[in-house]
Amino acid sequence: MESFLVDNLEKFDTSETLKDWDGDFRAYMDAKEDKLRVQFHKEFENTETCKVFSGVTIWVDGETSPSREELRQLMGLGGGNFETYFSRHLVTHIVAENLSASKIKELKKYRLHSICVVRPQWVVDSFVNKKIQPVARYLTPGILDDHQKQLQTTNEQLNNSLVETDIVHGTKPDRTLYYRRTASHSTNENPNFVRDFFAQSRLHFIGSFRARYEKILARMVAEEGTLCKLPYDRSKTSERVIFHVDMDCFFAAVSLAKTPSLRNQPIAVCHARQNSEIVDSSCEISSANYEARAFGIHAGMFVGEARKLAPSLITVPYDFEAYEKTSELIYRKFLEYAERVEAVSVDEAYLEMTGIVLPVRMKDKEIRNIEDLAMELRLEIERISGCTASIGIGSNKTLARLATKKAKPNGQFAIWSHQAMEKLSLLPVEELPGVGWMTRRRLHSMNIFICQQLRELSLERLEKEFGKQTALSIFETCRGKDERPLELYRPPKSIGAEVNWGVRFENNLQRSREMQKIHIGYRFVIMLCCFYDGISVNTMPVDVVCERLKAADAKATKLTYKVLRKQRNAPPPRKYLGCGLVDEFSKSTSFPISDSALEIGPRCLTLHESLNIPLDELRGVGIHCFGLEFSSHHHKRHNSGITLSKYFQLDRNPQQLRIDGCLKMSRMPSKQNIMGKTMYHEKSNDIRVSPNNKRSNHSLDELITKNGWSREVFVELPNEIQQELLKDAQSCNQRVFWGNSSAMSSFGVSKRARSKCNKTNPSFLQPTLTQLDDIYQAKDQGLSQLVVAEEFQTRSIRECLEILQDVEHAKKPKIHIPLEYSNMVNSVRQEQETWYQSLHNLMNDPFVELSKHLRIWITQIQSFQPDLRRKHQEALFASVLHEVENGRLYQVQGIKQHIL
DNA sequence: ATCCTCCCCTAC
DNA sequence: TAAGGTAGGGGAGGAT
Ligand SMILES: Nc1ccn([C@H]2C[C@H](O)[C@@H](COP(=O)(O)OP(=O)(O)OP(=O)(O)O)O2)c(=O)n1
Ligand SMILES: [Mg+2]
Ligand SMILES: [Mg+2]
């Protein structure tokens, strides 16, 4: 017990970021399996007689003849692999005499469609004939249902392709520690890996948009001449007006426009196939529509996770071409509306509307004011693209951006500078642009949750905490102040590319150092070569290495080479072929200006060498060029009536010059630096595990569950609080507010609060029998499809929810019941001493979902000193009520649809 | 003082 | 299966 506590206190002491909740047990098992594989590898190193089984990995189920050990020998002699434990990722063939019904069922949940189940004779015959035998004649009886028959063909293809591959390479294949079927996915075997990767990478697609934008713009200018169709009076000196336009769930919306039949269903754009049998896919969701978001699904979430929230989730494949086309359409529209447009991303831009002359007639419509104009733009966007956009209107970029958040989805909202202080005061700090995961945590640990509190900090205090520039940026942003001009075009300061997925090189200890060098050189050069927008293939390295630089008409004088190295004892990555827990290392160098692969390639190699990374621990590679010089300006090359240079000249008006040189927006810094290394955090709400302590984390998880803490919130809490909670739990001195379920009243508030509610508020009374009848009837009539919020305002939340709970297929949708909630909150507020405990209980009601920052706040406030707590009381209740009254969604169980 | 290197953080 | 990229601002601390 004691050691457990110490372990955990140590862990959170680091105040270090995340996160790998990967089970320790899995890590242990995997290490053990790896060891077995190494043993196997060593055992047959010198006795391997042929390579008939190269690429084949078997797993033996039950008693067989020949025996398990004999089969193992055959695999070793034939250059194959033998797994002691079944793994769907590794095994290509299950060997079994027969399979019981229950075994079949068990295996079915894995991907049986690419794994054959064969009799042992298949191994024997294949070995004797020195050729992989068609599996058809060897299939284990009892599994040959229709499904399996179909898959048989696939397996023949797999076998053939493996054999073919070996022939093509003409070399004796290594018996790799990795299974062959990763071949097409990892760097290990696929010479086109980099090309394939970039062709499929959504992050590459959105990340490289800005580099493509200039050309898109040039083409549009060339085709159409004058773009802007609205009158502007640039001499007007009134307040600035900025539109921030952002498409609603962009990728998802584009797909929905193409496939309208999917509308009103929860969808997510990702690589995972809809009818894939993978149970716990680590495929990332790129964009989820609002129906899916009602279940709590969001970009970056694994599909496996999402399916748990919404089994009815429909997955939709990427369509990058369509995104690019739609993007061009909407940018065309942006340029019609505004002379000055700043591209932010593929689905998002700032439009300078300052000086617009209104009213104006557009298509027989009278546009009287800015709001009309935004509405018209949104309708136009929807008309031409079939996708909806939201528009934030503000006196500067920050306010416009914040307004967009309020406007979404398919809406518009304005925040003018004179409203900023008031409208931002209850805004959670993490909603400020520039405040991300880390800054939020640091602010929370300073007991700062909303902008209003952030404003109470002096600039000096912020500087001490965050550094000069960053402090200033936060200081201004939380006041809604922002003078940054729109940047119509900005030449890049760096051009780079990296791959941190699927990087797996062989661990071949036999290879001489010189061979290793050649080996890594080869792989590495391939990486360099294929970077250019995922387009080039198999071209000679020297021709292609710097294509990207050339495309930008740039030459570089500096480069940074970056690698990710697997951490010692790192558990397997949560993500399939992900980089997992890694340390990052980088090194830079200067060279005579160049865009030639002959110059740059070898320098990368030198840097790589100097970093001394064992090949098999390499998890990611990146190259970034700096010190760019441009040989020409692109916009001069396009000859049309209106040149781009003319367009860019709009960037230099008097107002502009006045603003230039002022405050620049900045991002957060940090001084986290553990032992000179950095931790790559797995993308998740995970707690980082101290790698050498296997049991502690497991127990921590248990402890969290046992105490009914929300892991999501726990992770976010400052370390001191985490420690305190652990201590509390440890001493078995649980406080009332951590109450287990029996301590909770039926409303999730204290008994005292409850009785008060009942007196003062009729909505807490039991519904009448007639009302219950109504509810049941509504349910029968397809209540799951649509529920009107008002219907529930006269009933207690729990009553309604319990009734709805068993609605068919329903999982975790959200409902908004403003009246009842504000009543509950207000009654808690009136409690003298126990309000914070009651609030905590209210928050923990399984049917309630408060936003994350409120949950963290409420949790932290429990351990405040009384006077500090009192100081927070008003702001906290104001925030909770604000959230309740302004239509945040509340998560309940039982209703299918997103309701408002 | 200022620059340089190696990170760190953020946004889409 | 699955495709965890790209670019920018900025900080700490050492070199100049
Ligand atoms: N983690 C992320 C974030 C974004 N994107 C992609 C998919 C999005 O559709 C597109 C635009 O990003 P947005 O932040 O604008 O998100 P959406 O447009 O999807 O949703 P919203 O309605 O919130 O703008 O970028 C992604 O692949 N992965
Ligand atoms: Mg968007
Ligand atoms: Mg966007």
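The figures here come from the full heavy-atom set of this structure, side chains too, leaving out hydrogens, waters and symmetry mates. The chains referred to below are lettered A, B, ... by the order of the sequence lines, with proteins before strands, and numbering in each begins at 1.
Ring geometry, A/H608 versus A/Y561: the interplanar angle exceeds 60°, so the pair is classed perpendicular (tilted spans 30 to 60°). Using bins of under 30°, 30° to 60° and over 60° for the plane-to-plane angle, the ring pair A/F197/A/W501 lands in the parallel bin.
In this structure, the CZ atom of A/F251 is 14 Å from the C1' atom of C/dA3, given to the nearest Å. Atom CG in A/L462 sits about 15 Å away from atom P in C/dG10, given to the nearest Å. Distance, A/N500 CG to B/dC7 C1': 15 Å, rounded to whole Å. Summarising the geometry, the separation between CD on A/E342 and C1' on B/dC12 is reported as 13 Å, rounded to the nearest angstrom. Between A/L203 atom CG and B/dT10 atom P there is a gap of 17 Å when expressed in whole angstrom units. Rounded to whole Å, atom C1' of B/dC12 lies 16 Å from atom OH of A/Y213. Straight-line distance from the CD atom of A/Q567 to the P atom of C/dG4: 21 Å, rounded to whole Å. Per the geometry, CZ belonging to A/F197 stands 7 Å off C1' belonging to C/dG5, to the nearest Å.
With C/dG5, C/dG11, C/dA2 as the choices, the nucleotide that has an atom nearest any side-chain atom of A/E498 turns out to be C/dG5. If you check B/dC12, C/dG5, C/dA2 against the side chain of A/A272, the one that comes closest is C/dA2. Side-chain proximity of A/E348 to the nucleotides B/dC12, C/dA2, B/dT5 is greatest for B/dC12. Residue A/E584 has its side chain nearest to B/dC7 when only B/dC7, C/dG11, C/dG4 are considered.
Across A/R504, A/K566, A/R565, a single residue satisfies salt bridge (charged side-chain N to carboxylate O under 4.0 Å, His left out) together with A/E617, and that is A/R565.
Between A/C270 and A/P491, the residue anchored nearer the 5' end of DNA chain C, judged by the nucleotide with its closest heavy atom, is A/C270. Mapped onto DNA chain C by nearest heavy atom, A/Q200 and A/I495 fall at different nucleotides, with A/Q200 at the one closer to the 5' end.
A distance of 13.0 Å separates CD of A/E328 from OG of A/S385, quoted to the nearest 0.5 Å.
A/S201 has a side-chain polar atom (N or O) that falls below the 4.0 Å cut-off from OP1 or OP2 of C/dG4. The phosphate of C/dA3 (OP1 or OP2) has a side-chain N or O of A/K575 nearer than 4.0 angstrom. Taking side-chain N and O atoms only, A/R202 has a distance below 4.0 Å to OP1 or OP2 of C/dG4. For C/dG9, one of the phosphate oxygens OP1 or OP2 lies less than 4.0 angstrom from a side-chain nitrogen or oxygen of A/K493. Residue A/Q469 has no polar side-chain atom (N or O) positioned under 4.0 Å from OP1 or OP2 of C/dG9. Within the structure, a side-chain polar atom (N or O) of A/S494 is placed less than 4.0 Å from OP1 or OP2 of C/dG8. The side chain of A/H271 contributes no N or O atom lying less than 4.0 Å from OP1 or OP2 of C/dT1. A close approach under 4.0 Å does occur between a side-chain nitrogen or oxygen of A/S588 and OP1 or OP2 of B/dC6. Considering only side-chain N and O atoms, A/R401 lies nowhere under 4.0 angstrom from the phosphate OP1 or OP2 of B/dT10. The shortest distance between the side-chain N/O atoms of A/T470 and the OP1/OP2 oxygens of C/dG9 is not below 4.0 Å.
Residue A/R210 is out of contact with every strand shown, counting any heavy-atom pair closer than 4.0 Å. Across all strands shown, A/S282 has heavy atoms under 4.0 Å from sugar-phosphate atoms exclusively, and none from any base. Counting any heavy atom pair closer than 4.0 Å across all strands shown, A/K468 reaches sugar-phosphate atoms only and no base atom.
Checked against a 6.0 Å centroid threshold, the rings of A/Y350 and A/F243 do not count as neighbours. When ring centroids are compared, A/F198 and A/F205 stay outside the 6.0 Å threshold.
Residues satisfying the ring-ring contact (aromatic ring centres under 6.0 Å, His included) criterion with A/H624, sequence neighbours excluded, are absent altogether.
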